[in-house]
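Please read all numbers here as calculations on a predicted model, not as lab measurements.
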Amino acid sequence: MSAIFRSICRLFSTTAVFMLLFQFAEAQSGFDEADALLEKNKKALGNNAVLMVWKEGKVVHQKAIGEYTAKTQVPVDGAGRWISATVIMKLVEEGKIELDAPIVQYLPIFSKYLKNYITVRHCLSNTTGTEGSSGLGLLKKKKYENLEAAVNAFAAREILQKPGEAFHYGDIGISIAARIAEVVTKKGFDRLVQEKITRPLKMRGTNFNNDTGGAIDPAEGAKSSPQDYINFLSMLMNEGKFEDKQILSKESVDELLKSQLGDAKIVYIPAAMRDFAYGFGCFVHERDNAGNGTIVSCPSFTGTWPWINREKKYACILIAKGGGLMEQKRDFFEQLRAAVESSL
């Protein structure tokens with residue numbers, strides 16, 4: 001064997017060893033901090049959780065705890081509002097609904113109770129000013145036959161503040177908007193979710209079906225999986241595009257994610273979301289000078305916390321069985337977000 005050949009072999013061997021060490025070091029320094037944070041809070045997360053991170057067209061990290069996997073379907077409750085609001089924006093794009101039209105244009109029953117000034121925009125931004133708007137789980141506390149019956153009952157509630165002047169986080173607004181969607185399309189809202197969002201986004205484990213009968217709940221009734229929801233988030237990050245399909249226009253995505261509150265007084269907002277603004281079905285953590293959301297999320301009280309960071313160009317979702325960290329420890333989310341971003 002010649003000296004030159006031996007030198008070349010040594011060079012390739014050294015290079016191969018270096019690459020193996022580099023790959024090992026890279027794997028060890030990936031999302032270790034985020035994963036460790038999940039392990040540390042495993043009990044509060046119900047011993048079952050999945051964290052998924054998406055960036056540049058693919059899932060770049062996945063951490064599962066307990067029995068949950070990327071395809072496990074679980075109730076995501078309030079995190080479904082983001083999906084519901086996106087359905088409405090799709091119908092706005094199609095010219096079937098106008099954001100600033102009064103809801104009496106679609107639901108005449110509201111004129112019976114002198115609610116002529118509430119608009120679709122007020123509904124999506126939780127600024128209807130309606131009594132009971134801040135009560136959670138309204139459709140669960142009282143069993144309505146269908147969404148029409150539920151919204152007809154909401155029509156009779158008292159107006160406490162002028163529409164647009166006060167923000168109440170709750171179920172009423174998004175439920176009214178969903179009922180409008182049913183009226184203008186003559187289709188059930190669960191079917192609209194499937195046609196407009198879940199089918200084109202390949203979200204096969206996501207629906208708003210009410211397994212116990214009665215009205216579907218556009219605010220708190222969603223079920224989904226980590227893989228499904230990350231598909232939804234990736235669409236928002238891609239300015240409305242998923243794979244080769246334009247699900248929503250860039251303009252509609254921007255409208256969905258920007259602050260809609262203006263000078264509205266905050267009457268009720270969950271403690272974990274205090275100081276944040278609100279878009280359509282989602283909370284705006286940070287925004288640019290034009291009000292466009294840069295960090296946006298839609299957490300639930302049962303352990304789901306999806307968010308996107310449009311400046312750092314990534315999306316992330318945590319789905320957990322336990323909701324103890326949502327209301328009580330906002331700092332957990334901030335720690336998790338910081339840990340994810342330090343790895344990107």
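Side-chain atoms of S84 come within 3.5 Å of backbone atoms of P218 as a donor-acceptor pair (strictly under, hydrogens ignored). Panel note: side chain N209, backbone D211; no donor-acceptor pair is recorded below 3.5 Å. Counting only distance, with no hydrogens or angles, the side chain of N231 and the backbone of L201 share a donor-acceptor pair below 3.5 Å. Panel note: side chain D228, backbone G205; a donor-acceptor pair is recorded below 3.5 Å. Judged by distance alone, the side chain of Q260 and the main-chain N or O of E255 form a donor-acceptor pair under 3.5 Å. In this structure, T294 contributes its side chain and E286 its backbone to a donor-acceptor pair below 3.5 Å. A donor-acceptor pair under 3.5 Å is formed between the side chain of E182 and the backbone N or O of F189. Y229 places no side-chain N or O within 3.5 Å of a backbone atom of T304 that could act as its donor or acceptor partner. Judged purely by atom type and a 3.5 angstrom limit, N309 has no side-chain atom pairing as donor or acceptor with the backbone of Y314. N238 places no side-chain N or O within 3.5 Å of a backbone atom of F242 that could act as its donor or acceptor partner.
For the residue pair T130 and I172, the shortest heavy atom distance occurs at CG2-CD1, 4.2 Å. Of all heavy-atom pairs spanning A70 and M52, the tightest one is CB-SD, 4.1 Å. Here the shortest heavy-atom pairing between A155 and F110 reads CA-CE2, 3.5 Å. The minimum heavy-atom distance linking S297 with P299 is given by the pair OG-CD, 3.5 Å. Heavy-atom minimum distance, P75 versus T302: O-OG1, 4.0 Å. Nearest approach of E341 to K312, heavy atoms of both residues: OE1-CE, 3.3 Å.
In the hydrophobic clustering of this structure, V120 groups with V184; members are Ile, Leu, Val, Met, Phe, Trp, Tyr whose side-chain heavy atoms approach within less than 4.5 Å, directly or through other members. Clustering ILVMFWY residues whenever any of their side-chain heavy atoms sit less than 4.5 angstrom apart, transitively, puts V284 in a cluster other than the one holding M237. At a threshold of 4.5 Å between side-chain heavy atoms, the hydrophobic network of Ile, Leu, Val, Met, Phe, Trp and Tyr places V59 and V76 in one connected group. Using a 4.5 Å cut-off between side-chain heavy atoms of Ile, Leu, Val, Met, Phe, Trp and Tyr, with links allowed through other members, L233 and V296 fall into the same hydrophobic cluster. In the hydrophobic cluster analysis, where Ile, Leu, Val, Met, Phe, Trp and Tyr join through side-chain heavy atoms closer than 4.5 angstrom, F301 is grouped together with F333.
Atom CD1 of I308 is separated from atom CD1 of I230 by 10.5 Å, given to the nearest 0.5 angstrom. In this structure, CG on L344 lies 8.5 Å from SG on C316, to the nearest 0.5 angstrom. Between atom SG of residue C298 and atom CH2 of residue W307 there is a gap of 13.5 Å, rounded to the nearest 0.5 Å. Summarising the geometry, atom CG belonging to L236 is positioned 10.5 Å from atom CG belonging to D254; distances are rounded to the nearest 0.5 Å. Here the NZ-CD1 distance, from K43 to I65, works out to 14.5 Å after rounding to the nearest 0.5 Å. Once rounded to the nearest 0.5 Å, the distance linking CG of L192 with OG1 of T185 reads 4.0 Å.
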From CA spacing to verdict: salt bridge (charged side-chain N to carboxylate O under 4.0 Å, His left out), E94, K196: CA-CA 11 Å; E94 294 173 358; K196 305 298 182 183; 2.9 Å; yes
Verdict with supporting geometry, F280 and R121, side chain to side chain contact (heavy atoms under 4.5 Å, CB included): CA-CA 8 Å; F280 288 156; R121 186 182 298 274; 3.8 Å; yes
Test side chain to side chain contact (heavy atoms under 4.5 Å, CB included) applied to L124 and L99, step by step: CA-CA 9 Å; L124 292 176; L99 281 176; 3.7 Å; yes
Side chain to side chain contact (heavy atoms under 4.5 Å, CB included) evaluation trace for T127 with L261: CA-CA 8 Å; T127 56; L261 297 188; 4.0 Å; yes
Verdict with reasoning, F232 to I317, per side chain to side chain contact (heavy atoms under 4.5 Å, CB included): CA-CA 10 Å; F232 173 73; I317 183 165; over 6 Å; no
Audit row: R179, E148, salt bridge (charged side-chain N to carboxylate O under 4.0 Å, His left out) steps and yes/no: CA-CA 6 Å; R179 176 57 189 155; E148 178 182 11; 3.7 Å; yes
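By the 4.5 Å heavy-atom criterion applied to side chains, L248 and I197 are not counted as neighbours. In this structure, Y144 and N152 have side chains that are not in contact, with every pair of non-hydrogen atoms separated by 4.5 Å or more. At a threshold of 4.5 Å between non-hydrogen side-chain atoms, the residues R310 and V253 count as touching. Inter-residue side-chain proximity for V74 and K321 is flagged as unmet; no heavy-atom pair is nearer than 4.5 Å. Taking 4.5 Å as the limit, every side-chain heavy atom of T128 sits out of range of all side-chain heavy atoms of F154. A heavy-atom distance below 4.5 Å is not found between the side chains of E158 and Y113. Taking the side chain as every heavy atom from C-beta outward, H61 and S343 never approach each other to under 4.5 Å. Side-chain atoms of I180 and L107, non-hydrogen and from C-beta on, do get closer than 4.5 Å to each other.
Taking the six-membered ring for Trp, Y268 and H168 have ring centres at least 6.0 Å apart.
Within a 6.0 Å sphere centred on NZ of K245, heavy atoms belonging to other residues, nucleotides or ligands number more than 12.
Salt-bridge check for E195 with K90: failed, with every basic side-chain N at 4.0 Å or more from each acidic carboxylate O. Remark: K63 engages E39 in a salt bridge, criterion side-chain N to carboxylate O under 4.0 Å.
Cation-pi geometry between R81 and Y169 is satisfied (NZ or CZ under 6.0 Å from the ring centre, within 45° of the ring normal).
Using the six-membered ring where Trp is involved, Y278 and F167 have ring planes that are tilted, between 30° and 60° apart.
Tested against S224 for a side chain to side chain donor-acceptor pair (under 3.5 Å), the candidates N207, T72, T206 yield a single pass: T206.
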